[in-house]
A.B. asks: 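Structure in structure tokens, see below.
Here the structure is a predicted model, which means the values were calculated and not measured. No hydrogens, no waters, no symmetry mates; every other heavy atom, side chains included, goes into these values.
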Amino acid sequence: MYAENPESVTQNHTAEPSLQKRRSFLGALLALGSAFVGALLSVPLMRFAIFPLIRRTTDLKSSPVGSLSEFRSLTEPAMRTIQIEQIDGWRKTVSEKIVYITKDQRNQISVLTSICPHLGCTVPWNKEKKQFVCPCHGGTFSANGSRVSGPSQRGMDTLETSVQDGQLLVRFQYFRQLVSDKEVVG
């Protein structure tokens, strides 16, 4: 009554190992497929994570300020507006920034950014006081950009310049505020 046919019992025991082989093969195939799909989905995430490390989003290009000859006889800082082209991903923006062309302590032409190193206000030249005066917190700077008084920890920031075909070119950069050392941030 328990086992009427002994051959059927041996067939069931031999069928189990092939069923286990099929299950383990399908499990391995499922694991391999999952790993492959996971790897494919992680590629965009990895590119997103390391993109800022491998590519600058904003290329620093020099902008023309004017002819070098027009700045040789400066008696006070000359204000100029330059256009800055910034590329951020697929978006391209053009903004205008004010810079001042002046002479440093050695009587060499230098270009100052109009951004206050204290909190980022636009600092205009005051002709009556013959100083740069920040309208936000009253910081004052001399004609060559050095700090005279106020809450700023350093003088106005100078920008990199070059001369090409008689034209003065300036490379605009942003600097960290509220610090005593000039640190480029963009």
A.B. asks: How would you list all residue pairs meeting ring-ring contact (aromatic ring centres under 6.0 Å, His included) that involve residues 135-170, not counting sequence neighbours?
C.D. replies: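 Counting only pairs at least two positions apart or across chains, the ring-ring contact (aromatic ring centres under 6.0 Å, His included) contacts touching residues 135-170 are H118-H137.
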A.B. asks: Within the structure provided, determine whether Q167 and S67 are in side-chain contact (heavy-atom separation under 4.5 Å).
C.D. replies: yes
A.B. asks: Do the non-hydrogen side-chain atoms of D181 and R176 ever get within less than 4.5 Å of each other?
C.D. replies: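 Not touching, per the 4.5 Å side-chain cut-off.
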A.B. asks: Find out whether I109 and L68 are in side-chain contact, i.e. whether some heavy atom of one side chain is under 4.5 Å from a heavy atom of the other.
C.D. replies: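 A side-chain contact under 4.5 Å exists here.
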A.B. asks: To the nearest 0.5 Å, what is the distance between NZ (K97) and CG (L159)?
C.D. replies: 11.5 Å
A.B. asks: Would you sort out whether Q173 and T113 count as a side chain to side chain contact (heavy atoms under 4.5 Å, CB included), showing the intermediate values?
C.D. replies: CA-CA 8 Å; Q173 293 179 307; T113 178; over 6 Å; no
A.B. asks: Check whether any side-chain heavy atom of D104 sits under 4.5 Å from a side-chain heavy atom of T158, and report yes or no.
C.D. replies: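 The answer is no, as the side chains (C-beta and beyond) never meet within the 4.5 Å cut-off.
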A.B. asks: Tell me whether V123 is reachable from I115 by hopping between hydrophobic residues (I, L, V, M, F, W, Y) whose side-chain heavy atoms are closer than 4.5 Å.
C.D. replies: no
A.B. asks: Taking I98's backbone N and O only, do any of them form a donor-acceptor pair with S114's side chain (distance below 3.5 Å, no angle check)?
C.D. replies: yes
A.B. asks: Looking at Q153, is its backbone amide N or carbonyl O close enough to the side chain of S180 to form a donor-acceptor pair, meaning the two atoms are under 3.5 Å apart?
C.D. replies: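 No; judged by distance alone, with no hydrogens or angles, the pair does not exist.
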A.B. asks: If hydrophobic clusters are built from ILVMFWY residues whose side chains come within less than 4.5 Å, do V43 and L41 share one?
C.D. replies: no
A.B. asks: When you compare the side chain of V99 with that of R80, does any pair of heavy atoms fall below 4.5 Å?
C.D. replies: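 Yes, close enough: below the 4.5 Å cut-off.
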A.B. asks: Within the distance-only criterion (no hydrogens, no angle test), does the side chain of K103 pair as donor or acceptor with the backbone N or O of R72 below 3.5 angstrom?
C.D. replies: yes
A.B. asks: Report yes if some heavy atom in the side chain of T161 is under 4.5 Å from a heavy atom in the side chain of S110; otherwise report no.
C.D. replies: no
A.B. asks: Should F175 and Y100 be regarded as members of a common hydrophobic cluster, given that ILVMFWY residues are connected when their side-chain heavy atoms come within less than 4.5 Å of each other, either directly or indirectly?
C.D. replies: no
A.B. asks: Could you tell me whether the side chain of T102 reaches within less than 4.5 Å of the side chain of L112, counting heavy atoms only?
C.D. replies: yes
A.B. asks: Sulfur to sulfur, is the gap between C136 and C121 shorter than 2.5 Å?
C.D. replies: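 Cystine link detected, SG atoms below the 2.5 Å cut.
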